[in-house]
Amino acid sequence: MSERIIIFDTTLRDGEQSPGASLNVFEKVEIARQLEKLNVDVIEAGFPVSSPMQFEAVKRVAGEVAVTIAGLARAAEKDIKVAYDALQGTGDFRIHTFVGTSDIHLTGKFGASRYGKTLKEKRATILKMACDAVAYAKTFTDDVEFSPEDAGRTDISYLLEVVEAVIEAGATTVNIPDTTGYTLPSEFGAKIAQLKERVPNIDKAVISVHCHNDLGLAVANSLSAIENGARQIECTINGIGERAGNASLEEVVMAIKVRRDIWDFYTGIRTEEIYNTSKMVSGFTGMIVQPNKAIVGENAFAHEAGIHQDGVLKLKQTYEIMTPESVGVPRTKIVLGRHSGRHGLLARLKELGYGDLSKEELDRIYEEFVQLADKKKEVFDDDLRVLMGDTILGQDDFYKLDYLHVNLGTNTIPTATVRIKINDKIVQESATGDGPVDACFNAIDRALQTKAHIESYQVRSITIGRKAQGEVLVRIRKGDHSFVGKGVSTDIIEASTVAYLQALKMQKLHADENERYKMVKTP
Ligand code: KIV
Ligand code: ZN
């Protein structure tokens with residue numbers, strides 16, 4: 001009989017742990033709404049105790065989205081209580097608690113003697129912490145998930161012991177994370193098979209897996225786990241996540257769907273929503289999808305070689321194992337222009353997955369849309385996606401570019417003047433630089449009396465043609481943290497200036513938040 005695989009999406013939690021990919025509350029709610037359309041089974045919305053912004057985001061998502069919402073918590077009462085408070089919304093929720101179980105974690109993270117002096121003592125302490133955490137979470141909800149962090153490198157006998165004990169304590173899902181992406185598919189599958197065979201109470205819980213992609217094996221490991229008894233997959237849109245990322249939702253889901261001929265599994269995912277979701281996540285996080293990425297990359301359905309094009313024209317299946325439509329990639333691009341009215345714009349935005357807009361928001365977007373259509377005549381879906389992000393999110397007057405003038409030319413020293421609005425204050429400065437972008441950045445540094453280390457600077461064209469908008473991503477570093485800013489314009493100098501200002505704004509917000517609250521580090 002066909003069996004359903006539960007799709008647990010952790011884009012908003014592990015995905016957000018991608019370096020520089022932090023999302024604000026509005027973006028998280030928008031993505032969560034899109035994940036609801038995609039019909040994922042569980043959304044892990046964040047790690048509530050880690051910061052007030054995380055708490056608020058989980059609370060907003062739990063209040064606005066009708067999907068089971070999970071919140072992450074270390075195996076500690078405070079984390080679990082805070083997660084519970086954040087999860088009080090309108091629907092079902094899950095508390096996901098975890099603790100490291102590998103010897104490396106026990107001797108590193110739990111090296112202090114209060115966890116025990118020997119490895120044996122430490123194992124006993126951690127086992128108790130895990131069971132206590134599950135039992136405590138159980139006082140708030142029946143739906144409790146437990147993860148032995150770094151299970152991929154955890155001693156198998158100890159892993160079996162922990163899993164049995166947490167199920168006994170009430171865990172209804174046991175998630176086996178390959179936290180460092182270390183295992184090979186056959187090895188990881190065998191671990192799952194051992195759990196199935198050797199944990200006596202295993203049928204009281206769903207086996208889940210959470211695979212990282214350090215060796216590029218996250219999807220392969222997840223599929224191998226399914227073959228061996230896992231029935232929940234934790235994954236993210238576009239595979240974003242800590243370091244090399246997590247198993248990519250679209251790849252796991254489409255592998256299950258495309259290979260139903262040999263596998264009797266299915267998911268509840270509305271695959272036609274995959275492309276929109278991928279675009280939204282990439283737009284909001286600033287994490288560009290590589291063109292050759294499976295399922296959602298720009299080239300995933302492009303047939304370049306003449307022999308392939310000919311084959312596809314005669315019979316699509318010659319070189320296509322799934323249709324672009326099945327994952328929501330349009331075969332033909334819809335173009336709006338200056339003469340497209342509000343209705344046309346609104347209808348297209350809805351098709352692209354943007355939730356209900358207030359009249360005020362629509363007015364603002366329409367105004368921006370008309371200005372853009374005047375500049376570049378043809379407005380593509382990707383232009384609209386950018387417009388949505390910028391118009392809705394860029395509304396505050398915190399480091400807003402008010403005026404920019406740049407002087408450049410052959411044998412001229414590039415000079416820039418910027419005027420920046422900081423709430424109701426205006427600052428203006430000029431500076432020279434090696435090039436126009438450098439001059440703009442120097443002028444901003446002067447105006448804001450700062451100097452940021454530029455870690456990376458990327459420019460790409462959003463759409464095609466001479467009038468295409470350029471997107472600039474600037475990543476700056478301060479201590480342990482990096483901050484990304486994005487700017488989009490038909491003028492890439494302006495886009496660069498906006499991107500740098502946005503990165504500085506993220507850094508400032510982070511510093512302010514850090515000052516106000518004692519932050520805990522995310523796992
Ligand atoms: O990778 C990991 O181990 C995690 C856990 C918190 C599930 O993200
Ligand atoms: Zn993870």
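We count ligands from 1, going down the list as the structure has it; atoms in each ligand are counted the same way.
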message: Yes or no: does Gln17 have any heavy atom under 4.0 Å from an atom of ligand 1?
response: no
Angle at the Zn ion (ligand 2) (to 10°), with one arm to OD2 of Asp14 and the other to NE2 of His212: 100°
statement: Logged contact type for Thr179 with ligand 1, heavy-atom cut-off 4.0 Å, is both
task: Please could you name the atoms of ligand 1 that Asp14 approaches to less than 4.0 Å, counting only its heavy atoms?
output: 8 (O)
field: Donor on one side chain, acceptor on other, Glu471 and Gln458, under 3.5 Å
entry: no
- prompt: Taking 2.8 Å as the cut-off, does an N/O/S atom of Glu242 lie below it from the Zn ion (ligand 2)?
  reply: no
message: Looking only at distances, can you tell me whether any N or O atom of His212, backbone or side chain, sits closer than 3.5 Å to an N or O atom of ligand 1?
response: yes
message: Could you tell me if Arg123 sits above the aromatic ring of Tyr158, with its cationic atom closer than 6.0 Å to the ring centre and no more than 45 degrees from the axis?
response: yes
- prompt: Are Asn221 and His212 close enough that a side-chain donor and a side-chain acceptor fall under 3.5 Å?
  reply: no
- prompt: Heavy-atom distance to atom 4 (C) of ligand 1: which of His210, His105, Arg243 wins?
  reply: His210
- prompt: Does Asn175, backbone or side chain, put an N or O under 3.5 Å from an N or O of ligand 1?
  reply: no
- line: The reported gap from OG in Ser326 to CD1 in Ile295 (rounded to nearest 0.5 angstrom) is 8.0 Å
query: Within the structure, does Glu234 bring an N/O atom to less than 3.5 angstrom of an N/O atom in ligand 1?
result: no
task: Decide yes or no on side-chain contact (heavy atoms from CB on, under 4.5 Å) for Val327 and Phe301, but give the supporting numbers first.
output: CA-CA 11 Å; Val327 293; Phe301 295 95; 3.8 Å; yes
- prompt: For ligand 1, which atoms, with element, lie under 4.0 Å from some heavy atom of Pro177?
  reply: 2 (C), 3 (O)
Thr154 and Thr101: side chain donor to acceptor below 3.5 Å: yes
Under 3.5 Å side-chain donor-acceptor pair for Asp9 and Thr11: yes
task: Go through ligand 1 atom by atom and flag the ones less than 4.0 Å from a non-hydrogen atom of Glu149.
output: 3 (O)
- request: Please test Tyr500 against Ile454 for side-chain contact (heavy atoms from CB on, under 4.5 Å), starting from the C-alpha separation and ending with a verdict.
  value: CA-CA 9 Å; Tyr500 184 50; Ile454 311 280; 3.7 Å; yes
- line: To the Zn ion (ligand 2), the closest N, O or S atom belonging to His210 is NE2
